[in-house]
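Quick notes on the structure that follows.
Keep in mind it's a predicted model, so treat the numbers as computed, not measured. Numbering of residues begins at 1 and proceeds along the displayed sequence.
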Amino acid sequence: MKRSDRQKKKSTGIYIGAGIVVLLAAAGGGFFYYQHVQEQQAVKAGEKTIEGFIDSLNDENYEEAVKSLKVQGNNDLTEQDVLEKYQNIYGAAEIRGIKLSDLSVTKKENDTYEFTYKAKMNTTLGELKDLAYEGTLTKDGDQTKINWQPNLIFPQMEGQDKVSLSTEVATRGEILDRNKQPLATTGKLKQLGVVPAKLGEGEEKTKNIKAIAEGFDLTEDSIEQAISQGWVQPDYFVPLKIIEGETPELPSGATIQEVDGRYYPLGEAAAQLIGYVGDITAEDIEKNPELSSTGKIGRSGLEMAYDKELRGTNGGKLSVTDEEGNEKAVLLQHEVKNGQDIQLTIDANAQKTAFDSLEGKPGSTVATAPKTGDLLALVSSPSYDPNKMTNGISQADYKAYEEDPNRPFISRFATGYAPGSTFKMITAAIGLDNGTLNPDEVLTINGLKWQKDSSWGSYQVTRVSDVPQVNLKNALVYSDNIYMAQETLKMGEEAFRKGLGQFIFGEDLDLPIQMNPAQISNEDSFNSEILLADTGYGQGQLLINPIQQAAMYSVFANNGNLIYPRLVMDQETKDKKNVISESSVQTILPDLVDVVQDPNGTAHSLAALGIPLAAKTGTAEIKEKQDEKGQENSFLYAINPETNGYLVISMLENKEDGDSATNRAPALLQYLNQNYQ
């Protein structure tokens, strides 16, 4: 063989040998990559198992949660034993809203996987935080499972440890009227429920559940769900709903217990003001983790506005003990803190009288003690039953409320309206103060319609009474729109807005009631003589709710000072000095007395009550076209001009012919006159 051939073979041999090394290295890399992928898949499977386990606990589906556990071989317990532990411990402690964080799954020796995570959860005693869990995972067939250990319940548990829970539920504070009469309180209620063992089995059970559902406006599914809760035992009482009235004949399995619950003595008469409570939900806990997992929370009205003060804090202790009951670790401990009572300025009798006077018609009444700003009545009609809303309303009843075109859920006392002719008092006072209005000057006005000139096109201001010679007194007695439109144009927009700026337009009132600030117009300028004129007699784009009207009109009971409204007895009375002059008040007030005493006055029907009254009526018309009849909202303002002990603003929305806010006022005015001098 030639040397060159030997060299070639040697070179080939080296090349082939190097190729084997490369192939072996590639094979080894593939093996390690495959192993890495397998490990990652195992980690993800472990994470998924733990997340599913937590989700099942949050859903109170303890049977599903236990399916994520490998119980046999890890202790002396069976799956049924572990299931009962979760049902009893998590059920009794009302564990809700478990939040998982810092989840880590890692491979250890011998193909085992360990996990750690942190958790926080809500209990019947509030939030339990900073729980650090750890454990191991195992492959069980095609599934990855958590090796069961007692520390999966609470990290502090081991062996045969138990959990001890003592609770003292906080009493929700009462909402009281000015005389300490309850407006929201704790009362004795009839709780309908079932005892599962007494329902029977098979067809008998199905028959009894159907009878209970049909008899008490429930669904069979809702009853099945109730008795399927994790904490339920065969002889436990399982609550379904609160019932009212006489106790009916009960189907087999059903029973009634007397329980304490939230109760609203005035019912519909104060529903929009007081509101109602409902069960704490997962969404509530999401917004406020400090909430306990059970109990009630304010859903509307003052129950919601003052929920934190009213609700209080549950007391008790959640702890881990050993098998003998010796305490090992305290998980949560609180002293019970009962809710505070809230005393309002409201007079329950005035509230009820005002509500009854509206007889379910759409409208609102606000009564105040104008010298202090105390709100004596805040009424909105029609209304709803807050006792049903709190203690279990049927779908049919709720649907009827929702579909009612008169919208019983809205608070009309906090809804902005054009105030109509009651606002003429304000316009007149501004004109008197800036010197553009002379109360003795007589304007000659012919007919029932008027416009400044042809630039107004077809638009005309209208009035009800054809009085040819009109001064301020006549304008208020007859409620003359044309007179007030002319006087507003005379003073001009700048002077008018300057006067209005002394009131509360654009201000947020210090009240626990949601409302928009009072509005003069949609824009900062009228940009229209027609809009300026219309605003002067209480229409245009004015939006003032009845509470705001009462505050503005308080100047006529306080020599020109505006007293801000207050709703809580310990709230400070605030005022705004010299909003209008005392001389303007003394000019206008006698004219408002004549609105009642003069046979031509628009509130003359109130003279028959035989009590001192100064009043101003108003009608705000909402219509699409000039000459068509539109919706009419009727208003009444009334005070006792001798004592200024009370002030009333009443509004009847979309009044019917022959009806008015004035017609519905006598009972309330008589009550106030007897009690607020």
Can a donor-acceptor pair be found, under 3.5 Å and without considering hydrogens, that links the side chain of [X] to the backbone of [Y]?
X: Asp284; Y: Thr281; result: yes
X: Asp341; Y: Glu174; result: yes
X: Asp385; Y: Glu268; result: no
X: Asn61; Y: Ser56; result: no
X: Arg311; Y: Ile297; result: no
X: Ser380; Y: Ile410; result: yes
X: Glu51; Y: Leu103; result: no
X: Ser293; Y: Thr124; result: yes
X: Glu290; Y: Glu127; result: no
X: Gln257; Y: Leu192; result: no

Could you state the interatomic distance from [atom1] ([X]) to [atom2] ([Y]), rounded to the nearest 0.5 Å?
X: Asn391; Y: Arg262; atom1: CG; atom2: CZ; value: 11.0 Å
X: Glu324; Y: Gln160; atom1: CD; atom2: CD; value: 10.5 Å
X: Ile89; Y: Phe154; atom1: CD1; atom2: CZ; value: 7.0 Å
X: Leu332; Y: Thr123; atom1: CG; atom2: OG1; value: 5.0 Å
X: Lys145; Y: Thr138; atom1: NZ; atom2: OG1; value: 10.0 Å
X: Thr185; Y: Leu176; atom1: OG1; atom2: CG; value: 7.5 Å

Would you say that [X] contacts [Y] through its side chain, given a criterion of any heavy-atom pair below 4.5 Å between the two side chains?
X: Pro196; Y: Val232; result: yes
X: Asn387; Y: Tyr263; result: yes
X: Asp510; Y: Gln571; result: yes
X: Asp404; Y: Tyr384; result: no
X: Leu378; Y: Leu567; result: yes
X: Ile227; Y: Leu199; result: yes
X: Val105; Y: Tyr117; result: no
X: Leu302; Y: Leu310; result: no

For [X] and [Y], work out which heavy atoms get closest and say how close.
X: Thr136; Y: Phe115; result: N-CE2, 3.4 Å
X: Ile242; Y: Val259; result: CD1-CG2, 4.0 Å
X: Asn338; Y: Val169; result: OD1-O, 4.4 Å
X: Leu57; Y: Ala65; result: CD2-CB, 3.8 Å
X: Pro265; Y: Ala184; result: CD-N, 4.3 Å
X: Leu152; Y: Tyr133; result: O-CE2, 3.3 Å

Residues [X], [Y]: salt bridge by 4.0 Å N-O rule:
X: Lys207; Y: Glu204; result: no
X: Lys120; Y: Asp130; result: no
X: Arg96; Y: Glu60; result: yes

Give a yes or no on whether [X] atom [atom1] has more than 12 heavy-atom contacts from other residues, nucleotides or ligands under 6.0 Å away.
X: Lys241; atom1: NZ; value: yes
X: Glu134; atom1: CD; value: no
X: Lys328; atom1: NZ; value: yes
X: Gln333; atom1: CD; value: yes
X: Asn516; atom1: CG; value: no
X: Lys190; atom1: NZ; value: yes
X: Glu286; atom1: CD; value: no
X: Glu63; atom1: CD; value: no

Kindly determine whether Asp81 and Lys85 satisfy side-chain contact (heavy atoms from CB on, under 4.5 Å), including the steps that lead there. CA-CA 6 Å; Asp81 294 331; Lys85 278 183 175 290; 5.9 Å; no
side-chain contact (heavy atoms from CB on, under 4.5 Å) filter on Ala226, not counting sequence neighbours, yields Gln229, Val238, Leu240
Would you check, one step at a time, whether the test side-chain contact (heavy atoms from CB on, under 4.5 Å) holds for Gln272 with Ser383? CA-CA 7 Å; Gln272 294 87 355; Ser383 189; 3.3 Å; yes
Dump the intermediate steps for side chain to side chain donor-acceptor pair (under 3.5 Å) on Asp322 and Asn326, then the final yes or no. CA-CA 5 Å; Asp322 64 19; Asn326 300 310; 3.1 Å; yes
Could you walk me through whether Thr116 and Asp102 pass side-chain contact (heavy atoms from CB on, under 4.5 Å), step by step? CA-CA 8 Å; Thr116 60; Asp102 299 337; over 6 Å; no
Criterion salt bridge (Lys or Arg N to Asp or Glu O under 4.0 Å) against Glu303, the qualifying member of Arg172, Lys308, Lys296: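 So, applying the salt bridge (Lys or Arg N to Asp or Glu O under 4.0 Å) to Glu303 and each of Arg172, Lys308, Lys296, only Arg172 qualifies.
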Run the side-chain contact (heavy atoms from CB on, under 4.5 Å) check on Asn314 and Glu168 step by step: do they pass? CA-CA 6 Å; Asn314 291 342; Glu168 187 176 357; over 6 Å; no
In terms of the angle between their ring planes, are Tyr62 and Tyr86 parallel, tilted or perpendicular, with boundaries placed at 30° and 60°? parallel
Can the ring centroids of Tyr264 and Tyr276 be said to lie less than 6.0 angstrom from one another?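 No, the ring centres sit 6.0 Å or more apart.
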